[in-house]
Visitor: 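Have a look at this one before I ask anything.
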Amino acid sequence: MRITNIYSTIAKTCLMLCMGAAFLYTVTPASAATTAHAELQSVLSELRAVLTEFQETNGGQVLGATVTTVSNDSELAAAIVAATGGETILLAPGNYGTIQIIEGQYNQVNIGSVRRHGEAPALSSGVTIKSANNNNRAVVEGIDLRSANKWEFENLSIRQTNNGYYAVSLSGDDIKFIGNDVSFGDARNWSDADWRAKTSIGINMDSGDNMEVAYNYVKNIQFGISVGSYTNDAHVHHNVVKNFAGDGMRGLGDGALIEHNFVSDSYEINDGNHDDLFQSYIDGGAGGAASEEVNDVVVRRNTFIGSTEDHAMRSSPQGIGMFDGFYENWSIENNLIVTDHWHGIGVVGARGVTMKENFVIDPDTGGTDAGQLWLLFSDHKDGRKSTNMVMRDNYTNRIESELSDNSELQKINNTIISFGDYDDYLVDYRNKDYRIKSGSLPFSVGASISSSKLAPEPYGSGSSPTPEPEPEPEPEPEPEPEPEPEPEPEPEPEPEPEEEETADPDSLISASTIKATSNNFANNHEAANLFDGCTGLELGCSTGTDSGEVFWVEFDLGDTYELSEAKIFGDTNGTWHTKTWSLEVKRSNGTWESVFADASAYGDKWYTRDLDDEVARYVRVTVAGTSGSGKVQAMELALYGEETTDTVPEGEEEEEEDTTPAEEEEEDNNASDEEEDNSSSEEEDTDDGEVVTSNKVRVYTTDNLRVRNAAYGTQVGTQLKGSYGESDLSDTTTKNGYDWVYVDFDRGVDGYVADAFIAKASQSSGTLDAETRAEILKQIQSLLQLVAALQAQLSVILGR
């Protein structure tokens, strides 16, 4: 990228911050101050992104944060205790023992032999611990995080020597474990007893939200990488797990995305475990099951191979084994599975599970079970029925179903193959080269892993994953003689340009019918993208935001319609997901009524709902992402129905057409200029002259808050600290340990918030209270100092 871009962004940031500080000193409306502060934060985020891109391409550290190099246990412990957020701690070559960080009740930092009680830090942003020299990595004997948030580990060698203990155990939110190599030792001469005594779990994601485990090489372990049942929305990608004596990977937590991993070589150690390349089940341990099902998991583009080498301890693991459901809203897609067992993919207890575009085969050309690997759906073990299953476009040896209701399974365009077909698809399966021949399948399968990002393999090279072969270039054709030029025909008149149509011309809604929105969409993810006919991954195809888990769009159909059907195309790619959707309708003279709420839309496909001829002119669709992710996205939206007559009930007059949010805001501002705030209650004149009393008072938020559609209901948006509005504080609903009140905010979304985090405003004019004003100004000063430090560091790097 161009250096001038960095300096222009710094200049823009400094200007915005300085202008913002002056603005907050001179202008008092709280909503305006909050908006200005949000804009300043946005500019700083842009600056960080530019600087990070520059540093990544130039091999440096992220600017603007403290970088500390340590060389022993004591220095590392001191750096961890002193961290507040944003720091990078570089470990010089050497052995640092076990890194243990325990927050909460026990509150400890233990590094090797160093013990620091009561000093575990609470971080405002991520702190990275990484090797100072990637070619001579720091060695850590184990990593143990307990309720510890925002820690990031990169490019370390984990060598657990304490028999029976996990190499890595992660508990906390927003943890990253990237590019590390993990092993329990050199297993080339291990016996059966050695495997049982020396190994345990490589990486255990015990509990927490939004963990990322990526580009790690995990070898010579009992269980490879495990997503625990109390771990939500984990992203496990581009890892290699090789030589394992239990299960290669486990996925027990809700909302996991498990993709582009390479798992191979199962060892039989006679420990009674039923080995799986990938396994999921309902965790019913000592504390009981985390839930009755495992929900919303995507397993895609992984390579699972039972064995790449012949040796005495070679095992025959199951492929993807899911026998203790229920499993709800899973997608198992584009995986390459090669193992000599019956179960290629087996799901017992399914609700809304899709197997699509997988290549699943038995490589064993001899024995009684040769070529008998299958894809299987079955009812739950206790007899409960499996429902809404799809098996589509798979290539495998067999397809089985053990269902009480076969109508619940759709089998679409699957291909049964046998040994005689393998040469058509595989490079050299006889010599255990299971790469797919270029062009032999209509879709891609298996993991694609960048060797430049992947951690080095511990303890020798062995059989490493190999990339898919590149197609050989086709020979260039001989040049043909140029034909004599033909006379140019007379140009035809250009046709009149056609009006641009929506993605579905039969749909009642389009970009032109949008009446109002949640107005929180990210750049290139606007509401209009719901009607562009694009369901791919290209920039500008989708609608979404990374500043909340909900967006909504409201439509005016122009006339009254009997609605027959609504459908949405969901999205589970990347980290912006569609989890659920809801639909409300309103007649010309009515109030909003819910047609359905929180219906599943978790998948890359159309989800359709029958609307039972609901009559409406206005429609509002709300889309929610995975809880706690802060992100949501959808691809397409459509609505169908027939025009009808909306008869106004006798005695009621038709309601005037709703104003736009901007008009409502202007009306509110004009009205507030005329109001007198002599008490917490106001008098209002009704149309018939009757005087009623309102108990609403001016309030403001004391923290950044989620706004919900009901007391502890579905989140519909957010309001920043210092946002003002009106609320009847006497009208509360108690739920989940909080009293909830409804707030009409001056700007943004209205709804229910916990009243513990709102306070009465001292004045009706909406001015900032002294505490909030001081806090915002303090943050701006901090941002100004950070920008100055960034500019100074960048000048040093560039030699200016």
Side-chain angles (χ1 to χ4, degrees), residues 233 254-255 295-296 298 328-331 351-352 354 388 502-504 507-511 513-522 525-532 534-535 541-546 548-555 557 563-586 592-612 614 616 618-641 706-710 713-717 749 751:
D233 304 317
D254 292 347
N295 302 294
D296 307 322
V298 177
E328 189 160 328
N329 295 332
W330 279 59
S331 183
R351 296 184 183 128
T354 296
N388 190 22
T502 62
D504 185 347
S507 176
L508 300 178
I509 54 176
S510 65
T513 64
I514 295 175
K515 185 178 188 300
T517 73
S518 53
N519 200 29
N520 61 338
F521 304 105
H525 294 273
E526 295 82 3
N529 294 352
L530 289 168
F531 312 102
D532 58 9
C534 176
T535 59
C541 272
S542 60
T543 295
T545 177
D546 59 354
E549 294 158 14
V550 173
F551 72 77
W552 56 265
V553 186
E554 187 177 314
F555 303 93
L557 306 183
L563 305 179
S564 57
E565 184 180 86
K567 65 179 186 177
I568 190 170
F569 197 101
D571 180 34
T572 59
N573 292 293
T575 58
W576 295 27
H577 294 167
T578 310
K579 190 68 177 291
T580 62
W581 66 311
S582 306
L583 187 139
E584 301 167 89
V585 297
K586 184 170 72 170
W592 287 108
E593 297 180 358
S594 175
V595 179
F596 61 85
D598 300 327
S600 176
Y602 189 74
D604 298 321
K605 60 182 180 181
W606 283 105
Y607 290 84
T608 302
R609 298 283 301 199
D610 187 350
L611 302 185
D612 297 325
E614 289 279 352
Y618 303 104
V619 176
R620 180 189 294 153
V621 175
T622 302
V623 181
T626 303
S627 177
S629 68
K631 305 163 187 174
V632 59
Q633 181 166 265
M635 291 294 188
E636 293 289 296
L637 188 65
L639 180 72
Y640 306 96
R706 296 180 180 182
V707 182
R708 303 175 184 270
N709 65 353
T714 301
Q715 182 180 345
V716 295
V749 65

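Since we're looking at a predicted model, the values are computed, not measured.
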Visitor: Does Thr608 reach the side chain of Tyr640, with side-chain heavy atoms less than 4.5 Å apart?
Guide: no
Visitor: Which heavy atom of Tyr602 sits nearest a heavy atom of Tyr607, and at what distance?
Guide: O-OH, 2.8 Å
Visitor: Taking the side chain as everything from C-beta on, heavy atoms only, tell me whether Glu614 gets closer than 4.5 Å to Leu583.
Guide: no
Visitor: Let me see the working for Thr714 and Asp598 under side-chain contact (heavy atoms from CB on, under 4.5 Å), right down to the final yes or no.
Guide: CA-CA 8 Å; Thr714 301; Asp598 300 327; 3.2 Å; yes
Visitor: When you compare the side chain of Asn529 with that of Ser542, does any pair of heavy atoms fall below 4.5 Å?
Guide: no
Visitor: For the residue pair Asn329 and Asn295, establish whether any side-chain heavy-atom pair is separated by less than 4.5 Å.
Guide: no
Visitor: Treating His577 as the side-chain partner and Gly625 as the backbone partner, does any N or O pair qualify as donor plus acceptor under 3.5 Å?
Guide: no
Visitor: Has Glu593 got more than 12 heavy atoms of other residues, nucleotides or ligands less than 6.0 Å from its CD?
Guide: no
Visitor: Please tell me if the side chains of Gln633 and Asp546 come closer than 4.5 Å, counting only heavy atoms from C-beta onward.
Guide: no
Visitor: Parallel under 30°, tilted from 30 to 60°, perpendicular over 60°: which one fits the rings of Phe555 and Phe531?
Guide: perpendicular
Visitor: At their closest point, which heavy atom of Leu611 faces which heavy atom of Phe596, and how far apart are they?
Guide: CD2-CE2, 3.9 Å
Visitor: Mind checking the OG1-CD spacing from Thr513 to Glu554? Nearest 0.5 Å is all I need.
Guide: 11.0 Å
Visitor: Can you see which heavy atom on Leu563 is nearest to which on Val619, and at what distance?
Guide: CD1-CG2, 3.9 Å
Visitor: Could you report the tightest heavy-atom contact between Ala634 and Thr578, atom names first, then the distance?
Guide: CA-OG1, 3.5 Å
Visitor: Where the side chain of Arg708 meets the backbone of Gly713, is there a donor-acceptor pair that is under 3.5 Å apart?
Guide: yes
Visitor: Could you tell me which non-hydrogen atom of Arg609 sits nearest to which non-hydrogen atom of Ala599, and how far apart they are?
Guide: NH1-CB, 3.7 Å
Visitor: Determine whether Asp296 and Thr626 make a side-chain contact, defined as any pair of heavy atoms from C-beta on separated by less than 4.5 Å.
Guide: no
Visitor: Which distance, rounded to the nearest 0.5 Å, do you find between the CE of Met635 and the CZ of Phe569?
Guide: 7.0 Å
Visitor: So do the side chains of Leu557 and Leu639 get within less than 4.5 Å of each other, counting heavy atoms only?
Guide: yes
Visitor: At what distance, to the nearest 0.5 angstrom, does NZ of Lys579 lie from OG1 of Thr572?
Guide: 12.0 Å
Visitor: Between Asp254 and Asp233, is a side-chain contact (heavy atoms from CB on, under 4.5 Å) present by the stated rule, with each step listed?
Guide: CA-CA 6 Å; Asp254 292 347; Asp233 304 317; 6.0 Å; no
Visitor: If you look at every heavy atom in Cys541 and Asp532, which pair is closest and at what distance?
Guide: O-OD2, 3.4 Å
Visitor: Salt-bridged, Glu549 to Arg706, with N to O below 4.0 Å?
Guide: yes
Visitor: Are Phe551 and His525 side-chain neighbours, meaning at least one heavy-atom pair lies under 4.5 Å?
Guide: no
Visitor: Rounded at 0.5 Å granularity, tell me how far CG in Leu530 sits from CZ in Phe521.
Guide: 7.0 Å
